[in-house]
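Below you'll find the structure, written out as structure tokens, and then a few comments.
Here is how names work: the chains are called A, B, and so on, in the same order as the sequence lines, proteins then strands, and each is numbered from 1.
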Protein chains: 2
Amino acid sequence: MARTDMRYRDAYNVLLDFCAELEPEARLPAESRLCEIAGVSRTVVRRCLGRLKERGIIAWEGRDKRLLRRPAEADRIARPDGLQGSADLEQRFLEWILKFDVPANTPLSVAELARSFEVPQHELKEFLAGLSRFGLVARRRQGGWMLLGFTRGFAVELSDFRAVLELDAVRHLVEAPVDHPIWARLEALRAEHLTLKARIETDFHAFSKLDEAFHAALNSVVKNRFVAEFQKVVSLIFHYHYLWDKTHEKDRNEAAIGEHLAIIDALEARDEEAAVAAARRHLKTSKTTLLSSLRYHDLA
Amino acid sequence: MARTDMRYRDAYNVLLDFCAELEPEARLPAESRLCEIAGVSRTVVRRCLGRLKERGIIAWEGRDKRLLRRPAEADRIARPDGLQGSADLEQRFLEWILKFDVPANTPLSVAELARSFEVPQHELKEFLAGLSRFGLVARRRQGGWMLLGFTRGFAVELSDFRAVLELDAVRHLVEAPVDHPIWARLEALRAEHLTLKARIETDFHAFSKLDEAFHAALNSVVKNRFVAEFQKVVSLIFHYHYLWDKTHEKDRNEAAIGEHLAIIDALEARDEEAAVAAARRHLKTSKTTLLSSLRYHDLA
DNA sequence: CAACGGTTTTTAATTATTCTAGACAAAATA
DNA sequence: TATTTTGTCTAGAATAATTAAAAACCGTTG
């Protein structure tokens, strides 16, 4: 029980690597220096030094730390398989919801989720606490958590919110200076759209990715941590729903390409009014698509 | 150690109260019914029944549950002082940051905070995880948390984001039907503004509250969970900074009253362009005020 | 006297434990 | 027999206990 000694294990291996670079009989730097190298506290460094001494790799007496022999591969400590799950938990969680079409008002079991995502429970709890800020999940009175979205209401509000942010981005974009990298990006995107349009009969599946890239590019002009935070969630949700609503997929995507191109045209012409109008049109289409894709699944 | 039996204690007292309402010798309803009454699971209800039987308050044999005697005050279980802190933790935490002007990049000790706010540690951790979604705090590499805001960058982005949301609200507002309650609310607010304007020489401190009410009213037109969530944080921050920046407070507030009235005028005239312009002017002033109040404190 | 190392105290991450919720099937009621 | 109620059991959530790590403290040393 209790905290793992992963940090110690990792630090020890890092210090071994460091020692491997040294000349024989070389002196090791001060403990505080070793801390910086391994990225841990002195407590851990001293534990590592203790083991290095024990193994006869170094001599250590007060400030006197000398390398005795070159460390071998066998000296390393094994790490009992690090679960890297913690990193992209958000992505995986949202994918799970959307992929399995988890219905609204589903009780979420922290224990079960922690197992299936291979993360410690408390990490999952903190994650859910974070999501509750977006109104996606909520605490239940009798304990535990519960998935709230994706109801129709959620989708409507999400779309509206997205629209507000994106229209603002468009207004910003028109004002961007000529040498702003966004213009080159837009030109590249235009080309990609045209290419896809030519091959739409066969490659219409590829649109979803292009759509994401397009909207990400628009929003990249607004440098705002709040916008960025929301964008991550929003784009993921729209992305997946685009993928799964198979009705008239080709037609929808072809139409969307046209709408995207209209936005690019208006932007490059620096015509704010036209750009906003075009963006509004496209966002409305997106919203409709999202809602209709819900209608198929959502029975609640 | 481990989980408290608070639920059991509370449920027991509730059931005592319920028994007190019954006739002598009356039969108690089914366990599942008692669950509804006490708002807990059957497990807890059965534990309560066990104690009630033990204390000679009821007879309990299978389905046969009869009241033997009227419960007395002495039968209640004491609750070892419930810490109600959990409720308004957010409010208190933000107040703490702003009141003591905690500088950016301060390491936050969960243990210490949990003590001073009188909440369990894990609750505070979940709270911080939630705040990290707003970019106010972040995890540190070596463990624990750290306060990021309020830097200048944070204030700028917060103001900009607020402006985007609020301008959208204004645009919505102009379209609101005549019988929408917002119009009556705006009239009331106009009157309050005029009253305060007349007494500005002495009562200028009262503006902060009025400002909050005004912005809350504007945003109330947009029914959106994302907007609402942000609004809570945003309004609190602006509220406090308004309070603490004492330079030219009277003049600032008087000017702001004028700006508010201009917005109300334009809204009631259903003049979208004028309303947006007026709102934009006021939001710009607000931003400037927020930034200048930071300049006094922020040395980082 | 400034950097370094030994020691101690405090904090954070994780497990273990207890209480609670929910499910199932047997039993009782109608 | 159909329906409700209860006894029993399993899994889950909240919290305390525990160990690793961080950080503070203070004497030492070059």
From the list [options], which nucleotide is the closest neighbour of the side chain of [X]?
X         : options                   : answer
Val110(B) : dA13(D), dA12(C), dA14(D) : dA12(C)
Val44(A)  : dA21(D), dT17(C), dC19(C) : dA21(D)
Ala30(A)  : dC4(C), dG12(D), dT18(D)  : dC4(C)

Interatomic distance, [X] [atom1] vs [N] [atom2] [rounded to whole Å]:
X         : N       : atom1 : atom2 : result
Glu31(A)  : dC4(C)  : CD    : P     : 10 Å
Lys125(B) : dT15(D) : NZ    : P     : 14 Å
His122(A) : dT15(C) : NE2   : P     : 7 Å
Arg33(B)  : dT4(D)  : CZ    : P     : 15 Å
Arg7(A)   : dT14(C) : CZ    : P     : 10 Å
Gln142(A) : dA21(C) : CD    : P     : 7 Å
Arg47(A)  : dG5(C)  : CZ    : C1'   : 19 Å
Tyr8(A)   : dT14(C) : OH    : C1'   : 19 Å

Using only heavy-atom distances, decide whether a donor-acceptor pair under 3.5 angstrom links the side-chain of [X] to the base of [N].
X        : N       : value
Thr43(A) : dA22(D) : yes
Arg3(A)  : dA21(D) : no
Arg63(A) : dT28(D) : yes

More than 12 non-hydrogen atoms from neighbouring residues, nucleotides or ligands closer than 6.0 Å to CD on Glu25(B), yes or no?
->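 Correct, the count exceeds 12.
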For Arg9(B) and for Glu112(B), locate the closest nucleotide of DNA chain C by heavy-atom distance; then report the residue assigned to the nucleotide nearer the 5' terminus.
->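 In this pair, the answer is Glu112(B).
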Nearest nucleotide by nearest heavy atom, which residue falls closer to the 5' end of DNA chain C, Asp5(B) or Arg115(B)?
->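 That would be Arg115(B).
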Within less than 4.0 Å of OP1 or OP2 of [N], is there a side-chain N or O belonging to [X]?
X         : N       : result
Arg42(A)  : dA23(D) : no
Lys65(B)  : dT5(D)  : no
Arg139(B) : dA12(C) : no

Before accepting this row, confirm whether a basic side-chain N of the pair Arg92(A)/Glu118(A) lies closer than 4.0 Å to the acidic partner's carboxylate O.
->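 Result for this pair is no, no salt bridge flagged.
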Between Arg76(A) and Asp17(A), is there a side-chain N and carboxylate O pair less than 4.0 Å apart?
->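 Result for this pair is yes, salt bridge flagged.
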Want to settle it: does Glu126(B) or Ser41(A) sit nearer the 5' end of DNA chain D, counting the closest nucleotide to each?
->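 Per heavy-atom nearest nucleotide, the more 5' residue is Glu126(B).
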Hey, which of these two, Arg140(B) or Gly62(B), hits DNA chain D nearer its 5' end, going by closest nucleotide?
->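 Its nearest nucleotide lies further toward 5', so the answer is Gly62(B).
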For Trp145(A), answer base if it contacts any base atom (sugar-phosphate contacts may also be present), sugar-phosphate if it contacts only those atoms, and nothing otherwise; contact means non-hydrogen atoms under 4.0 Å.
->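 No contact at all - Trp145(A) keeps every heavy atom at 4.0 Å or more from the nucleic acid.
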Base, sugar-phosphate alone, or nothing: which one does Leu108(A) contact when heavy atoms must sit under 4.0 Å apart?
->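 The residue Leu108(A) makes sugar-phosphate contact but no base contact.
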Hey, what's the ring geometry for Phe127(B) with Phe93(B), parallel, tilted or perpendicular (30° and 60° as the breaks)?
->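 Aromatic pair Phe127(B)/Phe93(B) classed perpendicular.
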Would you call the rings of Phe226(B) and Phe161(A) parallel, tilted or perpendicular if under 30° counts as parallel and over 60° as perpendicular?
->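 Taking Phe161(A) first and then Phe226(B), their aromatic rings sit tilted (interplane angle of 30° to 60°).
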Is the side chain of Asn13(B) donor-acceptor paired with the backbone N or O of Ile77(B) at a distance under 3.5 Å, no angle test?
->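 Yes: the side chain of Asn13(B) pairs with the backbone of Ile77(B).
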